[in-house]
Amino acid sequence: MSKNKTWVDAPSKPAWAPPPGAVDAHVHVFGPEAEFSFSPLAKYHPEDATPEMLFALRDHLGFSRNVIVQASCHGTDNSATLNGIAKSNGPDGVQRARGVAVVDPEISDSALLALHQGGIRGVRFNFLKRLVDNAPKDKFLDIARRIAPLGWHVVVYFEADILEELIPFLEAIPTIIVVDHLGRPDISQGPDGADITAFKALLDGHPNIWTKVSGAERLSVPGPPFDDFVEVIRPVVERYPDRVLWGTDWPHPNMEHRIPDDGQLVDVLPRIAPTPELQRKLLIDNPMRLYWSD
Ligand code: 0GY
């Protein structure tokens, strides 16, 4: 497998400045491979995207904190994610990154506690067939029940075509659930399209379900400046202001054919969250509640 590079080295400076304390709540680290090898089951083999590169991007874009989500290429070995969190500590000892892990169903209680101490605050269940071989719902539910007492939440990644069949599974999860990239609706259907309408119905019926309003670069048909994404997603931010998170998704796994400019992604933010109050909830209040409640 040849290694893929999926980010730009010198993204533009966004025209819009995030408010002080803003959290980029969906990023990954890859490797470095010499220290943290990739899973034998990985479906892609990225170049190293290190914590140091992540923090340089954070500062360049004007963010204060990150949430590092364990990427599928590292399987259930969360060492690279934990390393990223540990390296984020400021001189005051405060973790400027927290994380979401992917865990083996057989994980011990003591290993879960060690993840908590390392800054993990959630687990991710990935249903994308191009990323994982198996998505065992019964085992995921066992994990969800075990992490609930730690105060963690569940992050779920799926595409719109399986939303309907996932509902009983989602309803059995006893924690807050955060859906990645809005469950990947087909936004070419427009703001009243079937996919986004079904997704809003899910949120309307389940107050414990949140969403990341991220993925403009993945969901937009024409690409920058992502007008189609803004038209469909701004009503979601306005309707669920207390249940939305946002992230760049750097280093943009699998986007080698349409690598986004992170500065342009940040400039989508004031268009989907047009008031200072919506911006504060999306970028500070909501992620702080989930990841830094201590
Ligand atoms: C994302 C999206 C993708 C990849 C992963 O864990 C992963 O490998 O999440 C994707 O390829 O759509 O959110 O990073």
Side-chain angles (χ1 to χ4, degrees), residues 1 3-8 23-31 33 36-51 53-54 57 66-82 84 97-104 120 122-135 140 143 153-163 177-187 195 199 210-221 223 226 229 233 244-260 262 265 268 287:
M1 227 189 291
K3 289 196 196 184
N4 30 25
K5 162 103 187 276
T6 47
W7 62 92
V8 291
V23 182
D24 180 350
H26 187 96
V27 297
H28 311 284
V29 289
F30 297 150
E33 190 175 4
F36 307 105
S37 56
F38 296 109
S39 163
L41 303 175
K43 305 295 182 210
Y44 57 96
H45 187 177
E47 286 188 16
D48 288 345
T50 64
M53 293 158 68
L54 170 64
L57 179 83
N66 295 115
V67 178
I68 303 176
V69 177
Q70 170 81 352
S72 61
C73 56
H74 277 296
T76 56
D77 180 348
N78 295 283
S79 311
T81 296
L82 291 167
R98 287 266 155 99
V100 173
V102 175
V103 301
D104 188 284
I120 298 294
V123 286
R124 191 182 199 208
F125 302 148
N126 190 333
F127 285 91
L128 267 68
K129 291 197 171 68
R130 69 178 163 81
L131 295 175
V132 290
D133 294 326
N134 291 310
F140 285 167
I143 293 169
H153 61 281
V154 164
V155 172
V156 186
Y157 191 23
F158 61 84
E159 290 176 326
D161 61 336
I162 66 161
L163 168 58
I177 300 169
V178 181
V179 179
D180 277 341
H181 314 326
L182 302 121
R184 299 196 58 129
D186 175 356
I187 62 167
D195 286 358
F199 188 67
W210 298 29
T211 187
K212 287 180 199 154
V213 288
S214 48
E217 71 291 5
R218 294 181 191 275
L219 301 177
S220 172
V221 179
F226 309 111
F229 181 85
I233 303 314
V244 285
L245 304 174
W246 183 88
T248 52
D249 201 3
W250 185 90
H252 312 292
N254 300 305
M255 291 293 286
E256 56 269 30
H257 301 301
R258 212 161 70 139
I259 299 178
D262 300 277
L265 292 178
V268 173

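For reference, positions follow the sequence shown, starting with 1. Order of appearance sets the numbers: ligands from 1, and atoms from 1 within every ligand.
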Run the side-chain donor-acceptor check on residues 75-82: report pairs under 3.5 Å with partners two or more places apart or on a different chain.
unit_1 : atom_1 : unit_2 : atom_2 : d
Asp77  : OD1    : Ser79  : N      : 2.9
Asp77  : OD1    : Ser79  : OG     : 2.4
Asn78  : OD1    : Val102 : N      : 3.1
Asn78  : ND2    : Thr76  : O      : 3.3
Asn78  : ND2    : Val102 : O      : 2.9
Thr81  : OG1    : Gln70  : OE1    : 2.7

task: Kindly write out the residues that satisfy side-chain hydrogen bond (donor to acceptor under 3.5 Å, both in side chains) with Arg218, not counting sequence neighbours, or none if the list is empty.
output: Asp249
message: Is the ring pair His26/His28 parallel, tilted or perpendicular, if the boundaries are 30 and 60 degrees?
response: perpendicular
- prompt: Applying a heavy-atom distance cut-off of 4.0 Å, which protein residues contact ligand 1?
  reply: His26, His28, Tyr44, Ala71, Ser72, Arg124, Arg130, Leu131, Tyr157, His181, Arg184, Arg218, Asp249, Pro253, Asn254
- request: Hey, could you give me each pair passing salt bridge (charged side-chain N to carboxylate O under 4.0 Å, His left out) that has a residue in residues 122-132? Not counting sequence neighbours.
  value: Arg124-Asp180
query: Side chains of His74 and Ser39: is there a donor and an acceptor less than 3.5 Å apart?
result: no
Partner of Trp246 by side-chain contact (heavy atoms from CB on, under 4.5 Å), out of Val23, Thr211, Val213: Val213
